[in-house]
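Throughout, protein chains are lettered first and strands after them, A, B, ... in sequence-line order, and every chain is numbered starting at 1. Just so you know, these numbers come straight off a predicted model, no measurement behind them. Side-chain atoms are counted along with the backbone in the values below, which use heavy atoms only and exclude waters and symmetry mates.
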Amino acid sequence: AKYISQCIDEIKQELKQDNIAVKANAVCKLTYLQMLGYDISWAAFNIIEVMSASKFTFKRIGYLAASQSFHEGTDVIMLTTNQIRKDLSSPSQYDTGVALTGLSCFVTPDLARDLANDIMTLMSHTKPYIRKKAVLIMYKVFLKYPESLRPAFPRLKEKLEDPDPGVQSAAVNVICELARRNPKNYLSLAPLFFKLMTSSTNNWVLIKIIKLFGALTPLEPRLGKKLIEPLTNLIHSTSAMSLLYECVNTVIAVLISLSSGMPNHSASIQLCVQKLRILIEDSDQNLKYLGLLAMSKILKTHPKSVQSHKDLILQCLDDKDESIRLRALDLLYGMVSKKNLMEIVKKLMTHVDKAEGTTYRDELLTKIIDICSQSNYQYITNFEWYISILVELTRLEGTRHGHLIAAQMLDVAIRVKAIRKFAVSQMSALLDSAHLLASSTQRNGICEVLYAAAWICGEFSEHLQEPHHTLEAMLRPKVTTLPGHIQAVYVQNVVKLYANILQQKEQAGEAEGAQAVTQLMVDRLPQFVQSADLEVQERASCILQLVKHIQKLQAKDVPVAEEVSALFAGELNPVAPKAQKKVPVPEGLDLDAWINEPLSDSESEDERPRAVFHEEEQRRPKHRPSEADEEELARRREARKQEQANNPFYIKSSPSPQKRYQDTPGVEHIPVVQIDLSVPLKVPGLPMSDQYVRLEEERRHRQKLEKDKRRKKRKEKEKKGKRRHSSLPTESDEDIAPAQQVDIVTEEMPENALPSDEDDKDPNDPYRALDIDLDKPLADSEKLPVQKHRNAETSKSPEKDVPVVEKKSKKPKKKEKKHKEKERDKEKKREKEKKAEDLDFWLSTTPPPAPVPAPAPSTEELSVNAITTPKDECEDAKTEARDEEGNAEGQDQDKKSPKHKKKKHKKEKEERTKGKKKSKKQPLGSEEAAGEPVQNGAAEEEPLPPESSYSLLAENSYVKMTCDIRGSLQEDSQVTVAIVLENRSSSILKGMELSVLDSLNARMARPQGSSVHDGVPVPFQLPPGVSNEAQYVFTIQSIVMAQKLKGTLSFIAKNDEGATHEKLDFRLHFSCSSYLTTTPCYSDAFAKLLESGDLSMSSVKVDGIRMSFQNLLAKICFHHHFSVVERVDSCASMYSRSIQGHHICLLVKKGENSVSVDGKCSDSTLLSNLLEEMKATLAKC
Amino acid sequence: MIQAILVFNNHGKPRLVRFYQRFPEEIQQQIVRETFHLVLKRDDNICNFLEGGSLIGGSDYKLIYRHYATLYFVFCVDSSESELGILDLIQVFVETLDKCFENVCELDLIFHMDKVHYILQEVVMGGMVLETNMNEIVAQIEAQNRLEKSEVNRVLLCRPG
């Protein structure tokens, strides 16, 4: 420690230096010290300094130290926000990576809120290395800042289909974590995951997905049905044990969820159990352990199938590994039945003897008790056997569970009336040998058993064979070494015994005998009176006085027995542990209110001493022992009753003892005992439980015989003895009747018990915040906060038609607003319904290995949010309506707010990102749509050539522009142009401006207030070798024709030699295809569309095509944004929809060397233009 | 989620402590100690899972460990992780260490504690598995090392403690 403090001093010196290398080294040392347990929070500021170093080497050290030592309470952490943002947007992927890693460890709600947007952007970074880190960190951000979940979720979903497997697995990881907490919100992703599951080969991803399904199936049983087959396939095919295990686990989960409805999955259960058996038999302990773990899950629903492997599990009990033994024990718990209980417990008992190490032995002990007592002693057929097991257990040395055994003894003795006699005889034997138990050590937990023994002997003393003997045993001087609470019970029960003996003697007329007993009491009780334990002392002195009084009475030959035993009359009823809770609070009773107003401090201080004094004075006369007359005796009796109520045991079992005069135990119970008892009772010591096993077998045998006989001779039955009287009514389905009935003196409940067991979820659970419905479309108010200086940037970026809207008169809007909102609501609902339908549809398709119709909705589910607007509405009106809607909402939100503009901008940004998302998504979607037919198609499995939807726009020595045009899904008549600018020079490009010459038909959406001739700035700079994407929105009036726009990119190229102003001209080509949006269509809807007849038709034919039909379709999907509706051999129907709502239907047929395309569309010009474009594409093939 | 990753030697000296949930330093040390005692008394030929519930929140958590020569690698994970998967992950982590240090030994971990952390960062991030492909991990580590070398001529060795 001295050395360390010296080191710390040294480090402090180093931290004061200016040299960053020295500082970093010092911080590095601190990190090491932190690992050793030294608090380094004092250096937080220095760590930040190192974090902000420009060199990666030092930055890394800084972030490492921060990730180890920073937490939410670190106050300087807010200083890092800007540094982290800078690093996140750093051109070096490793700077970004290091910042992300660090942030993942110390993200706070503030950081999460401020940086959420930056991380969102990184999720679509070009480098997969960054993408996967960004995706993973989103989970942490969601946890700290739940509001970010909804806006970020679509992008996260999109990452599930990322081309890079690392990113994909990261996304799966995050969604699995999210779904684990709130599975119901993620049900809609099931089809997507299903596809991943059937297609992925990465075991990690598979395991995660399968685990996720395990969490989802309880919510949606139909999903389970669908899963079973692929899972069983996986089980059969996989070689990876980990995967196999998880599959089995999930199948089990599925089976559990199905167990109510479908009984015919026995094949899968068998398979699981078989595979688990293989696991358990494996020599690898890990597999064995997991096998047992999974087995216990099956056990809950299908106990029968596990029971057949009892041998194996019992074998595991002999394993040298404790955890395996414990698992096996757990399993046994569920496996017992009336038949095998005795056998299993016998086996366990031998283990108890063998077991070394008290913890394991204790565990065994509790398990034995658990197994026997589970569900109200359901499996115990012979309670004598159980009692003797309990007694045997008391011989264990050094167990901590004495009280457990004691509780069991009490419970059984109270609740099973028939067993009391036997129990009492056993207990008296125990008391007799008490010195054995107590002598071993004082702290020995087993002496707790004596508590139960004493109580049972006292309470049921009428069953005692030799009460006098027991009484003496309880009054031995040795007893005073027992713990106080046991002594107290001893004292109390000695009196009960005494009362009993007294009565017997008096009835027999042995007055001398009675007096002798009294004398014994008077002689022995003083040892308790001297006890240091208050309770014992009090009880003993009370009783001593009482006995002395009795002695006097006896001397006068007054019969006292009746009165003495009346002290203990009445029977105890067990009370359910919940009973107290269920007593309803009476009306008008406020438990929280003060009964008396609390005294103020000053008052009570004054009064207290006086009051105490006063009380003492009053009490003194009361306490003076008065001569015991009848009256006094009565009072004492009352006091005793009171005391009895305060006896710890009474409190436990009956807070409100219902006093009833004890009826002599029903005659019907006694004979049962007699037959079985004959043997053990002759043995003077403790009978061995083993004997019972034998006896039990005999009994069962006899019972069977009797049963057979009974069938024939019913009348004989009644003569045969009352023995069956009690056993017959409870014949189980296994034909074993218990020897005694658990006289389940049903536990008492207050009459008007309230139904309870409400879920008490922890409101502070951090995961609850993430319980967010993700299917709802994003509301405008939900967006990630953007930093202020960013707003400035975005405000300059191109915008849609804000100016147009602003200028519009506001009068008609208000009326419309409500209407529109209603409509919008409806639409939302429709979308939701549709979504639900999709899922249902997916689930209801019975053949599991994804047939053609199933994947169609699944792949397109992504875009459901944005599509499906009513088709018959007039397009122009809709455009306007949408605009107004947007504005109206905007107004609604910030009518009075000065932030109006800012919000608007945010919204724009949001929508831009949406557009971007869509643009990225489309190729994926179409590839899939194209990829599907492969499954059912012919053997044409040529790999698709890698394609990019980005086409070259213009290039020169400085910059290369590529662009992609997408129909905007949010707004009709708008397209989003994504332009990727790549810096190819060695100079920094800045001040970039894009100016486009609008045509009549197409206008660029510009920021508010800028004129048509102004350029639109590009919102970023480009260092050498970097590329970035900017998006612009164009409004198109008529989309039936393709058109071109001229534009210029101007920029300043700056390098070491200076800056030059450069220009690059380009031509933006809006093809008709770019107005189309990939939209899914079901075949029946498609057929209806064709039937409706209001579509015009046109066709083209292209010759000399050698490409496979498969790839051909993929090309059409990709370049022209169609989706395949149906495909039969070399013929396919396709569908797409324009941004203005035109439907386009295609029938593509492939001949020998040619392809013919027939098209139908609501606009003939559009169709012919489209077909021309398509022809050009196809000609290239 | 992975809750914590602990590496300590046969004597319970921590060699790498990485918690993904905030615990004060004393508690961290206590957890390391207790984990060590739990793991120590287990033979090498018994299973590698421990229900270490009380240490780090709730019964949902398991300790999954492997013992290599003088070092114990312990991962504390919750039920969303596959047990066997994590065992594989430990193997991947150790093999990666082996590749990066060429025959890794305990001393490597002491002298290059920071590097070990960097390697771990490429495998597990914020409690979630980032990458399981060893080649990919090694490639990233090497790229970062190159970057470092290009910045600093001499290798920065830290010799704390």
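Side-chain atoms of A/E177 come within 3.5 Å of backbone atoms of B/M1 as a donor-acceptor pair (strictly under, hydrogens ignored). In this structure a side-chain-to-backbone donor-acceptor pair under 3.5 Å is present from A/N173 to B/V129.
Taken from CG in B/N145 to CZ in A/F56, the straight-line distance is 8.5 Å, to the nearest 0.5 Å. Of the inter-residue distances, the one linking B/F49 atom CZ with A/L290 atom CG reads 4.0 Å to the nearest 0.5 angstrom. If you take NZ on A/K132 and CD on B/E131, they are separated by 3.5 Å, rounding to the nearest 0.5 Å. Here A/N203 contributes atom CG and B/T132 contributes atom OG1; the two are 9.0 Å apart, rounded to the nearest 0.5 Å. Atom CG of residue B/L147 and atom CD of residue A/Q93 lie 9.5 Å apart, to the nearest 0.5 angstrom. In this structure, CE on B/M128 lies 5.0 Å from CG on A/L136, to the nearest 0.5 angstrom.
Proximity to chain A (any heavy atom under 4.5 Å) is shown, for B/N133, by neither the backbone nor the side chain. Contact of A/L103 with chain B is not made at all, since no heavy-atom distance falls under 4.5 Å. For a residue to count as touching a neighbouring chain, one of its non-hydrogen atoms must lie under 4.5 Å from one of that chain's; by this rule A/C176 does not touch chain B.
Using a 4.5 Å heavy-atom threshold, the side chains of A/Y94 and B/Q140 count as touching. At a threshold of 4.5 Å between non-hydrogen side-chain atoms, the residues A/D39 and B/E26 do not count as touching. Taking 4.5 Å as the limit, every side-chain heavy atom of B/Y118 sits out of range of all side-chain heavy atoms of A/T101. Side-chain contact between B/L89 and A/W204 is present, with at least one heavy-atom pair separated by less than 4.5 Å.
Annotation: maximal heavy-atom pairing with chain A below 4.5 Å, among B/L130, B/D88, B/L16, occurs at B/L130. Ranked by heavy-atom pairs under 4.5 Å with chain A, the first of B/G127, B/G85, B/S80 is B/S80.
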* **Chi angles and distances behind the side chain to side chain contact (heavy atoms under 4.5 Å, CB included) call for A/F70, B/R22** => CA-CA 9 Å; A/F70 284 10; B/R22 172 68 194 169; over 6 Å; no
(message) Assess the residue pair B/Q28 and A/Q34 against the criterion (side chain to side chain contact (heavy atoms under 4.5 Å, CB included)); give the C-alpha distance rounded to whole Å, side-chain angles, the decisive distance to 0.1 Å, and a yes or no.
(response) CA-CA 10 Å; B/Q28 290 189 3; A/Q34 194 272 344; 3.5 Å; yes
*Should A/Y38 and B/E25 be marked as a side chain to side chain contact (heavy atoms under 4.5 Å, CB included) after you check the CA-CA gap, both sets of side-chain angles, and the distance that decides it?*
CA-CA 7 Å; A/Y38 294 90; B/E25 275 77 7; over 6 Å; no
- Step by step, work out the side chain to side chain contact (heavy atoms under 4.5 Å, CB included) result for A/T31 and B/M113. CA-CA 9 Å; A/T31 317; B/M113 194 232 5; 4.1 Å; yes
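The minimum heavy-atom distance linking B/G126 with A/K140 is given by the pair O-CE, 2.8 Å. Of all heavy-atom pairs spanning B/K62 and A/L293, the tightest one is NZ-CD2, 3.9 Å. Considering every non-hydrogen atom in both A/L100 and B/M125, the closest pair reads O-CE, 4.1 Å.
For residues 64-73 of chain B, a heavy-atom distance under 4.5 Å to chain A picks out no residue at all.
Between the side chains of A/E246 and B/S82, at least one donor N or O sits under 3.5 Å from an acceptor N or O. Side chains of B/E136 and A/Y129: no donor on one and acceptor on the other come within 3.5 Å.
Taking 4.0 Å as the cut-off between side-chain N and carboxylate O, A/K208 and B/E81 count as a salt-bridged pair.
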Expected list for residues 60-68 of chain A: side-chain donor-acceptor pairs under 3.5 angstrom, two or more places apart:
{"unit_1": "A/R60", "atom_1": "NH1", "unit_2": "B/Q144", "atom_2": "OE1", "d": "3.0"}
{"unit_1": "A/R60", "atom_1": "NH2", "unit_2": "B/E148", "atom_2": "OE2", "d": "3.2"}
{"unit_1": "A/Y63", "atom_1": "OH", "unit_2": "A/D87", "atom_2": "OD2", "d": "2.7"}
{"unit_1": "A/S67", "atom_1": "OG", "unit_2": "A/Y63", "atom_2": "O", "d": "3.4"}
{"unit_1": "A/S67", "atom_1": "OG", "unit_2": "A/L64", "atom_2": "O", "d": "2.8"}
{"unit_1": "A/S67", "atom_1": "OG", "unit_2": "B/R18", "atom_2": "NH1", "d": "3.1"}
{"unit_1": "A/Q68", "atom_1": "OE1", "unit_2": "B/R18", "atom_2": "NH2", "d": "3.2"}
{"unit_1": "A/Q68", "atom_1": "NE2", "unit_2": "B/V17", "atom_2": "O", "d": "2.9"}
{"unit_1": "A/Q68", "atom_1": "NE2", "unit_2": "B/H117", "atom_2": "NE2", "d": "3.0"}

